[in-house]
Undergrad: 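Encoded as C-alpha cells, here's the structure I'll be asking about.
A, B, ... follow the sequence lines: proteins, then strands. Residue 1 opens every chain. No hydrogens, no waters, no symmetry mates; every other heavy atom, side chains included, goes into these values.
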Amino acid sequence: MTDPRVTLAGVEFAGPAFTASGCAAAGKELAGFFDLTEIGGVVTKSIMMRPRSGRPTPRMVETPSGMLNSIGLQGPGIESFLANDLPWLAERGVAAVVSIAGETVEEYAQLARILRNEPDVKAIEVNISCPNVESRGQVFACDVMSASSVIHQVRRNTSSTVPIFAKLSPDVTSIAEIALSCHNAGADGFSMINTTLGMAIDTDTLRPILGGVTGGLSGPAIRPIAVRNVWQVHHVLPDVPILGMGGIATGEDALQFIAAGATAVSVGTMTFHDPSAPLRVQQELLGLLDERGFASVSEAVGVAHRGGLV
Amino acid sequence: MTDPRVTLAGVEFAGPAFTASGCAAAGKELAGFFDLTEIGGVVTKSIMMRPRSGRPTPRMVETPSGMLNSIGLQGPGIESFLANDLPWLAERGVAAVVSIAGETVEEYAQLARILRNEPDVKAIEVNISCPNVESRGQVFACDVMSASSVIHQVRRNTSSTVPIFAKLSPDVTSIAEIALSCHNAGADGFSMINTTLGMAIDTDTLRPILGGVTGGLSGPAIRPIAVRNVWQVHHVLPDVPILGMGGIATGEDALQFIAAGATAVSVGTMTFHDPSAPLRVQQELLGLLDERGFASVSEAVGVAHRGGLV
Amino acid sequence: MIQADAEILSVRRDGAYYHMSFAAPGIADGFRPGHFVAIAVDDAHILRRAFSIRSASTKAGGALQIIVSPKGPGTQWLVRRRAGDIINVIAPLGQPFRLPTEPVPCVLVGGGYGVAPLFELANQLRARGCGVEIIVGAGDAARLHGVVEARRVSDAVHVTTDDGSAGEQGRVTDPLRRILAEGRHPAVYACGPMAMLQAVSEVSAEFGAVAQCAVEESMACGVGVCMTCVLPVIGDDGVTRMVRSCTEGPVFFGDRVRWSDVGTVPADTLGSPEARDD
Amino acid sequence: MIQADAEILSVRRDGAYYHMSFAAPGIADGFRPGHFVAIAVDDAHILRRAFSIRSASTKAGGALQIIVSPKGPGTQWLVRRRAGDIINVIAPLGQPFRLPTEPVPCVLVGGGYGVAPLFELANQLRARGCGVEIIVGAGDAARLHGVVEARRVSDAVHVTTDDGSAGEQGRVTDPLRRILAEGRHPAVYACGPMAMLQAVSEVSAEFGAVAQCAVEESMACGVGVCMTCVLPVIGDDGVTRMVRSCTEGPVFFGDRVRWSDVGTVPADTLGSPEARDD
Ligand SMILES: Cc1cc2nc3c(=O)[nH]c(=O)nc-3n(C[C@H](O)[C@H](O)[C@H](O)COP(=O)(O)OP(=O)(O)OC[C@H]3O[C@@H](n4cnc5c(N)ncnc54)[C@H](O)[C@@H]3O)c2cc1C
Ligand SMILES: Cc1cc2nc3c(=O)[nH]c(=O)nc-3n(C[C@H](O)[C@H](O)[C@H](O)COP(=O)(O)OP(=O)(O)OC[C@H]3O[C@@H](n4cnc5c(N)ncnc54)[C@H](O)[C@@H]3O)c2cc1C
Ligand SMILES: Cc1cc2nc3c(=O)[nH]c(=O)nc-3n(C[C@H](O)[C@H](O)[C@H](O)COP(=O)(O)O)c2cc1C
Ligand SMILES: Cc1cc2nc3c(=O)[nH]c(=O)nc-3n(C[C@H](O)[C@H](O)[C@H](O)COP(=O)(O)O)c2cc1C
Ligand code: FES
Ligand code: FES
C-alpha cells in the first residue's frame, strides 16, 4: 500500500487530503460523518481578529458544476476560536491548519503573534484573498507588493517550526509571479486555488443575486483552472509544497493535482455534496497511487512535469 | 414584440445573438441547421495571414459543464478566407464579423489593411488572446501595452465605418484596466470573454491530456466568470458596446449578460451541443425581454447596474 | 444523523406537489417533527436539496415521506424518479420543534407544502394531551396540501386560500387571529413562506402566544459548515447574530427572528461592518 | 442531416455492448453505410457522443440502430436509458464508404464495435453483385460483435481474437493477408481502432488493394465547426493537411492517412509551425 503520510514543509500529516478553508467550519460538524484524524487535517474557516457578521443573504447561487458564494468571512474572531474550536480539535488529535485573514497587513501580523503561543497549530494558511482596506480595497493576493508584505509579516511573527502557506487567488495575470514573491517573502508553501470571482444575475428582477454582488466561484467547474495554476507554480518552484484544491470530487481529480505538482489536496465545495468527501477522496487517491506503483504520495508529486508514467 | 435589431458601434445587426469565433467555422456548416440571416451575424474563426495547421491532437477534453480546447488557430489564412468564405456569407446576406489574429503587432496591421478593401466586412473582432512572439510569448490581451498597440494599429488601418471589437481575455488581474487602454487605443467595443486557461491530466498516463498541454476553458462552467467580467467593463465604460459570451446556453443566460452590460451576445461552445443554439438563444432572449416589457434590446443593456426591474 | 443511499418506494402526484417515500434504515429512529432531509440530485447540480420530513415510519426497516414542489431543476429531477431508483440522503438534520411540557392547546399553521412537518407534530402533541387546531393555507386550491390528513390528526382544521378557490378567502392569519382571540392557546407552530412566518409571529406576539417557526433559507451544505443559510436572530443575551438555519434552525422562536431584516445584516449585529467601524 | 428528438425503442445488452434502437423520422432516407449519428447525453456533459449507424430502417417512420460500448460517463448514461425515453440526435453525419462501380469481391474488416457499419455495407455491396468476406476481430470473445449477423450478409466470415477465446487467435490482418494473397480483392473496408486501421491499410497497400477506413477521433461538435477531430491526411495535390474527420471523414482512403503521425502535426503539413518558420 502507498504510505498515506505526507510531509508539508517539514510537518508530517496522516494523509494527503485536507478539508478546505470555509468548507468545514472548524471541523466539529464533519466529525459526525468521518474520523477527522484519518485525513491530513482540518483547514479552518479563515479567522479574523474580531467577530464578523459576514455579508447579507443570499450568499450563494448554484451554477453549472459549481457555486458562487459571498459569505464575507463570517466568524467568531480569534479569541473565541482559541477558546472553543482549537481545543476541540486538539483534544481529539485532529491536525489543525489555521487559516487567517485580515484587512490590513498589521492585522495578519497580530493574528500570527497570537497564534505563536498555540502549540496545537500545525500550520498556518494565510488567506490573502481579502480586500486590503489600506489600498483601495485591492485584494492582497492580486498584488505582488501587498501579498508579499502580508507573508513577510506573518513569517516574522510565526515560530519557525510552523510552516505558513500562502493561499493564492487565480484572479491574476501571472500566478507564478505572485508565488515567487510570496516565496521570497517567506512562504513555506502555497494553498491554491482560492475561488475565482464570478457573478450571477436574477433574470426576473434583473439584479445581481448575491448580497455581495460578486462572489467566489468554486466546485468542479473551476477544476481545470486550478490544475493549470498548480502546474504553473510547480513549474517555477518545484521544491515548494502545494496544497492543491479547486473542484476536487474524486480520487482521480486529486491525482490530477498531485501529478501537476501538489503534495496534498483540500476538498472544499464537494463536501457540501458529500460530507465525507475528504476521507473518501483520500482513500480513492491512495488506491490509485497504489495501483500505479507509487510507494508514497511524494513520489507522484509533479510527475506530469517529468513525462508521466513510463 | 421587442425589436430584435441591435446597433453595435453604429452598425445595425438583425438580432442580438451571434456565433462565437472558433465555434462556427466560417458559418457554412451551420447553415444546414438554421437561417444565418436571422441572427445578428457570424463571427468567424480567427483568421491569420497564412495557413496554419494548429496544434497536435488531442485538442479537446470535456470538463464539468465545460470543455478545454487547444486548437491552435488552425485555418486557411486570409487569402483563402477572402476567396472562399467571405463571399459565401456575403452572397447569402449573412452579416460577417471577421475575427483576426496575429503573432506580431504588424501581422494584425497587415490583416486590417487587407480587410480594408472588403465591403462585406461588417465589423472586425480582434482576437488578442494570442502569444506575442516579440514579447516572450506573453499573450497580447494580458498586457496593457501589447493589447493597446494591436488595437491602435488595427484601428489606424481600418475604415472608420467598420467598428473594431477587442476580444478580451479574463486571465488578467484587472479586466477594466485592459479595457480602458484598448478603448483609448481605438477599440469601438469589446468581445468578452475569451476562454480562460485551464488544463487536465490523464490519470492513467499522468501526462497532460491536450496536445497543447494547456487549453482554453469554455462552456457553462465559466459563465459566472464571464458575467462578472462584462459587469466590470460596463461599469467603467458604460457607453462602449460589449458582445458578451461565455457559457451561454439559453435565453436566460443571455439575459444575464445583457443586464450586466452586453449589447449583444455570442453563443460558442453550446453550439457543439445544439447547432441551432445561436438562433434558439436569440428567440428565447427576445421572448424574455418582451415579457419584461422592453421595447428594444438596448433598453435592457446594463439594467442590473441601475437597480434592475422596478 | 445518517448519510445513506435510499431506495425510492413511491412517487405520487398530489395537486401541485409530489409525495415521495423512500427506504431509510435507521433514520426514522432519530426523527422528530421539524427535522429535514438533504437529498443529492443529478450530477449537473452539486448541492443537495432540503425537504421537511413529513413522516417517518420505523416499519420495514424505516421509510421517510416528503412533499416536493417541483420548482427548479433539482426538484424537477427528483419528482421524475421512479420506484426502485436510488437517491443519497442525509437525515435527520436541524433542530426540531420543541414540544410543550404541559398538555396545552396548540395552533399549527402551514403554508403550501409547509404543512409537511405538521402532521407528525400534531400526532405527538395529541399524544401528550395537547389540543390541536391546524390552519392550512395556500395561494390557491391546487397548492393546498394535506387538508384531509390534517382533519385526521387534529381537533379542527381551518383552510384559507388567497384567491378563495378553497376554504375561506384570505390569509392564514385570519383564522389564527380568531383562535388566539379565544385566549386559550399559548403555543403556535408554523412552517411556510417567510412572509407568512413573520405575520404568524406578529399575531402570536400580539396575543402573548409563543410561536415556533420552521424557516426556509437557501442552503448549500445543510450540515453547518458553509454559512450560507444565515438570518439575523436575537440570542438569549439580547445580541443579534447571523445564525445558521440548518443547524441552529430551521425551527426558531418567532420573536427571536428579525423578520424585517432577513436578507440584510442589521447594523447592531455582532461583527457587522457598522459595529466594526469603531 | 436532421436534428431531432428521438424516442428510444429498445436497449438490449449483447456481450460487452448494447444494441440501441430509436425512432428517427426522415434520417433513414439519407443514410449510407459509414455515416454516424451524434447524440446528446445528460445535462452534466455538454458534448455529443458519436456512433456509427449500424442500420436504418425506413419502416414505421424510420428507426436507427447503433451499438454502444459503455466506456465513460456519456455512453454509460446512454445505455441506462429505457424504451420511451427521448434523446436528441443529429444524423446522418460524415462521408460514407464509397461503393465500387464494378461488381468486385470486397473484404470488410471490423474491430470490436467497429463492425457496426459493415452489415449494411455488406448488404449494399452484395446488391451490386460484389462478393463479400467479413473479418470480425476483438480482444476477446465478449467484445466480438455481430458474428452471426455477419454470416447472414456475407459469403464468408473470419473471426479472430487476441486471446483466442473465440475464432482464430491473432489479429484481423492474419486472415486479411491470406485473403488478399488470393489476388482477387481490389477493395478493403475497415472500421475499428486506429492501430487496426493502420495495419489494415498497410497490408492492403502491400497487396495493391484500396482500403477505406472509418476513423474514430475525439469530436467536440461532429458537424465541422470546431476543428478538434483532425488528423494528418494527404490531399490529391500531395500536400498534407490537418483534416476534419467529422465532415471530410470518418471514412478516408487508408493510403491517404498518415497513420504513424496521428497525434502530431508532421513538419511538412500545410501551415505547420516548421513550415511557417521560413
Ligand atoms: C429546511 C427546509 C425545508 C424545506 N422543505 C421543503 C419541502 O418540504 N418541500 C419542498 O418542496 N421544498 C422544501 N424546501 C425548499 C426546497 O429545498 C427548494 O425548493 C429546493 O432546494 C429548490 O431546488 P431546485 O433545484 O428546484 O431549485 P433551484 O432554484 O435550482 O435551486 C438552486 C439552489 O438553491 C437552493 N434553494 C433554492 N430554493 C431554496 C429554498 N427555498 N430553500 C432552500 N434552498 C433553496 C437549492 O438547494 C439549490 O442549492 C425546504 C427548504 C428548507 C431549507
Ligand atoms: C465516427 C465515430 C463513430 C463511433 N462509433 C461508435 C460506435 O459505433 N459505438 C461506440 O460504442 N462508440 C463509437 N464511437 C466512440 C464513442 O463516440 C465514444 O466512445 C464516446 O464518445 C465516449 O463517450 P463517453 O462519455 O463514454 O467517454 P468520455 O471519455 O467521457 O468522453 C469524453 C469526451 O470525449 C469524446 N470521446 C471520447 N472518446 C471518444 C472516441 N473514441 N471517439 C470520439 N469521441 C470520443 C466524447 O465524445 C466526449 O466528448 C465512435 C466515435 C466516432 C468519432
Ligand atoms: C462557502 C465557501 C466558503 C469559503 N471560505 C473560505 C475562507 O474563509 N477562506 C479561504 O481561504 N477560502 C475559502 N473558500 C475557498 C475554498 O477554501 C477553496 O479554496 C475553493 O472553494 C476551491 O476549492 P473547491 O472547489 O474544492 O471548493 C471558501 C469556499 C466556499 C465554497
Ligand atoms: C473550440 C473553440 C475554438 C475557439 N476558437 C477561437 C478563435 O479562433 N478565436 C477567438 O477569438 N475565440 C475562440 N474561441 C473562444 C470563443 O469564441 C468564446 O470566446 C469562448 O469559448 C467562450 O464562449 P463559450 O463558452 O460560449 O464557448 C474558441 C472556443 C472554442 C471552444
Ligand atoms: S447550509 Fe451550510 S451552514 Fe447552513
Ligand atoms: S468534431 Fe468539430 S470539426 Fe469535427
Side-chain angles (χ1 to χ4, degrees), chain B residues 19-20 22-30 32-34 42 45 48-77 80 103 133 209-212 215 218-221 247 249 268-277, chain D residues 1-5 30 38-49 72-74 88 90 93 194 215 217-232 239-248 261-278:
Chain B
T19 64
C23 302
K28 212 177 292 186
E29 290 82 356
L30 294 184
F33 293 95
F34 67 94
V42 166
K45 170 88 190 155
M48 304 190 73
M49 280 300 293
R50 289 189 288 165
R52 194 171 157 112
S53 65
R55 294 244 176 77
T57 54
R59 289 181 170 185
M60 72 111 178
V61 189
E62 198 180 28
T63 67
S65 298
M67 66 175 280
L68 289 164
N69 87 78
S70 69
I71 307 297
L73 295 176
Q74 175 168 353
S80 162
E103 291 182 323
V133 296
I209 300 180
L210 290 173
S218 63
T269 302
M270 288 310 286
T271 311
F272 306 161
H273 177 79
D274 172 12
S276 53
Chain D
M1 181 191 50
I2 288 176
Q3 178 176 4
D5 279 334
I39 304 182
V41 294
D42 60 312
D43 287 351
H45 297 92
I46 58 180
L47 303 177
R48 285 174 185 261
R49 271 55 181 169
N88 190 274
I90 302 178
L93 293 169
M194 293 301 248
V215 305
E217 267 292 342
S218 219
M219 294 181 175
C221 77
V223 300
V225 295
C226 76
M227 311 301 288
T228 59
C229 61
V230 299
L231 70 180
V239 175
T240 297
R241 292 181 181 78
M242 297 303 285
V243 160
R244 290 168 300 183
S245 59
C246 66
T247 43
E248 282 134 289
D261 296 323
V262 168
T264 72
V265 176
D268 58 348
T269 305
L270 181 70
S272 78
E274 293 81 356
R276 277 181 283 131
D277 283 347
D278 46 32

Undergrad: Below 4.5 Å from any heavy atom of chain B, which atoms of Ile90(D) appear? Answer side chain, backbone, both or neither.
TA: side chain
Undergrad: So, Thr228(D) side chain and Ala220(D) main chain: donor-acceptor pair closer than 3.5 Å or not?
TA: yes
Undergrad: Does any heavy atom of chain D fall under 4.5 Å from the side chain of Ser276(B), the backbone, both, or neither of them?
TA: both
Undergrad: If you count heavy-atom pairs within less than 4.5 Å of chain B, which of Val265(D), Ile46(D), Thr264(D) leads?
TA: Ile46(D)
Undergrad: Where does Pro275(B) contact chain D at under 4.5 Å (heavy atoms): side chain, backbone, both or neither?
TA: both
Undergrad: Quick check on the interface: out of Gly263(D), Gly222(D), Gly72(D), Gly74(D), who has the most heavy-atom pairs with chain B under 4.5 Å?
TA: Gly263(D)
Undergrad: For the backbone of Leu47(D) and the side chain of Glu62(B), can you confirm whether one donor and one acceptor N or O come within less than 3.5 Å of each other?
TA: yes
Undergrad: What residue in Arg49(D), Glu217(D), Met219(D) has the most heavy-atom pairs under 4.5 Å with chain B?
TA: Arg49(D)
Undergrad: Is a side-chain N or O of Arg52(B) found less than 3.5 angstrom from the main chain of Gly72(B), in a donor-acceptor match?
TA: yes
Undergrad: Would Arg241(D) and Glu248(D) pass as an ion pair if we require N to O under 4.0 Å?
TA: no
Undergrad: What part of Pro220(B) lies closer than 4.5 angstrom to a heavy atom of chain D: side chain, backbone, both or neither?
TA: side chain
Undergrad: Starting at CG of Leu68(B), measure out to CD1 of Ile209(B) and round the result to the nearest 0.5 Å.
TA: 8.0 Å
Undergrad: Going from CZ on Arg59(B) to CD on Gln74(B), what distance comes out if it is rounded to the nearest 0.5 angstrom?
TA: 4.5 Å
